[in-house]
Undergrad: 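First the structure, then my questions, so here it is.
In what follows, every chain begins at residue 1, and chains take the letters A, B, ... in the order their sequences are listed.
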Amino acid sequence: MEAKNDFFDRVYEIVKLIPEGKLCTYGLIAKAIGLPSGARMVGWAMNKSLYQKESIPAHRVLNRNGLLTGKQAFGNPFMMQELLEAEGHHIVNDGVVDFESKLWNPLIELD
DNA sequence: CGTCTGACGCACG
DNA sequence: GCGTGCGCCAGAC
């Protein structure tokens with residue numbers, strides 16, 4: 001991780017580290033890679049991650065509001081919700097219930 | 001090289 | 001509490 005990996009590679013590594021049943025936010029990941037203001041880039045990388053060979057749990061990444069902002073990117077707007085529910089999360093109005101409690105901080109793992 | 005856009009985030013009204 | 005605007009960084013045109 002010390003190498004100057006591309007912004008996307010950084011994001012992918014963090015997202016892949018997200019434990020099942022846990023969630024994370026764009027801003028949090030952005031901060032973890034050293035770009036606290038690059039939340040938009042994280043989301044962008046997520047969209048691109050769907051085209052990567054590796055399976056990136058992009059559905060575990062939500063905005064700071066805990067909303068499924070990128071559900072549409074999965075091809076089917078319900079896909080992201082189903083994936084999250086399959087991991088024991090409850091979705092209401094495109095938002096994760098008790099999302100903050102399920103939030104996972106990448107900074108802890110990188111510490 | 002200038003401009004627009006984007007799975008965001010925050011400040012303001 | 002909600003809508004709007006701006007900043008943020010990187011890529012596409």
Undergrad: Determine the sole option in A:Met79, A:Glu87, A:Gln81 for which the side chain to side chain contact (heavy atoms under 4.5 Å, CB included) test with A:Leu83 is passed.
TA: A:Met79

Undergrad: In this structure, which stretches of DNA chain B are paired as stems of three or more consecutive Watson-Crick or G-U pairs, both distances less than 3.5 Å?
TA: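 Correct response: B:2-6 with C:9-13, B:8-13 with C:2-7.
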
Undergrad: From the set C:dG11, B:dG9, B:dA7, return the single nucleotide nearest to any side-chain atom of A:Ala73.
TA: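 Closest nucleotide among those given: B:dA7.
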
Undergrad: Testing A:Leu28, A:Asp94, A:Val96 one by one against A:Leu62 for a side chain to side chain contact (heavy atoms under 4.5 Å, CB included), which residue passes?
TA: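 Exactly one candidate clears the test, A:Val96.
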
Undergrad: A:Phe99 has an atom CZ; how far is it from atom C1' of B:dC8, in whole Å?
TA: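 These atoms are roughly 12 Å apart.
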
Undergrad: Does A:Phe78 offer a backbone N or O that forms a donor-acceptor pair with the side chain of A:Asn76 under 3.5 Å?
TA: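 Yes, because the side chain of A:Asn76 sits within donor-acceptor range (under 3.5 Å) of the backbone of A:Phe78.
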
Undergrad: How long is the line joining OH of A:Tyr51 and P of C:dA12, in whole Å?
TA: 13 Å

Undergrad: Between C1' on B:dA7 and CE on A:Met79, what's the gap in Å once rounded to a whole number?
TA: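 After rounding, the gap between these two atoms is 16 Å.
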
Undergrad: Judged by each residue's nearest nucleotide on DNA chain B, which is more toward the 5′ side, A:Trp44 or A:Pro36?
TA: A:Trp44

Undergrad: Could a donor-acceptor pair under 3.5 angstrom be found where the side chain of A:Arg40 meets the base of C:dG11?
TA: no

Undergrad: Rounded to whole Å, please give me the gap between CZ in A:Arg64 and P in B:dC10.
TA: 6 Å

Undergrad: May I have the distance from A:Asp94 (atom CG) to B:dA7 (atom C1'), rounded to whole angstrom?
TA: 13 Å

Undergrad: Minimum heavy-atom separation for A:Gly88 and A:Lys102, please, with both atom names.
TA: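 Closest heavy-atom pair between A:Gly88 and A:Lys102: O-NZ, 3.3 Å.
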
Undergrad: Between B:dG9, B:dC8, C:dA10, which nucleotide has the shortest distance from any of its atoms to the side chain of A:Thr69?
TA: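 Selected nucleotide: B:dC8.
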
Undergrad: Please report the distance, rounded to the nearest Å, between CG in A:Asp9 and P in C:dC9.
TA: 19 Å

Undergrad: Does A:His89 reach the side chain of A:Val97, with side-chain heavy atoms less than 4.5 Å apart?
TA: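 Result no, sub-4.5 Å side-chain heavy-atom pair not found.
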
Undergrad: Can you tell which of B:dA7, C:dG11, B:dG9 lies closest to the side chain of A:Phe74?
TA: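 For the A:Phe74 side chain, the nearest candidate turns out to be B:dA7.
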
Undergrad: When the nearest nucleotide of DNA chain B is assigned to A:Met41 and to A:Thr25 on a heavy-atom basis, which residue is associated with the more 5' position?
TA: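 Per heavy-atom nearest nucleotide, the more 5' residue is A:Met41.
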
Undergrad: Figure out the CG/P separation between A:Asn65 and B:dA11, and round it to whole Å.
TA: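 About 15 Å, once rounded to whole Å.
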
Undergrad: At 4.0 Å (heavy atoms only), tell me whether A:Ala58 reaches a base, stays on the sugar-phosphate, or touches nothing.
TA: base

Undergrad: State which residues pass side-chain contact (heavy atoms from CB on, under 4.5 Å) with A:Pro19; sequence neighbours excluded, sorted by chain then number.
TA: A:Lys22, A:Trp104

Undergrad: Taking atom P of B:dC8 as reference, at what distance in whole Å does atom CG of A:Asn47 sit?
TA: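 Taking CG of A:Asn47 and P of B:dC8, I get 10 Å after rounding.
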
Undergrad: For A:Gly27, which contact category applies under a 4.0 Å heavy-atom criterion: base, sugar-phosphate, or nothing?
TA: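 Sugar-phosphate only.
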
Undergrad: Is there a side-chain contact between A:Leu23 and A:Leu84 (heavy atoms, below 4.5 Å)?
TA: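 A side-chain contact exists here, since the closest heavy-atom pair is under 4.5 Å.
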
Undergrad: Select base, sugar-phosphate, or nothing to describe what A:Asn63 touches, counting heavy atoms under 4.0 Å on all strands.
TA: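 If one applies the 4.0 Å heavy-atom cut-off, A:Asn63 turns out to touch the sugar-phosphate alone, with no base involved.
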
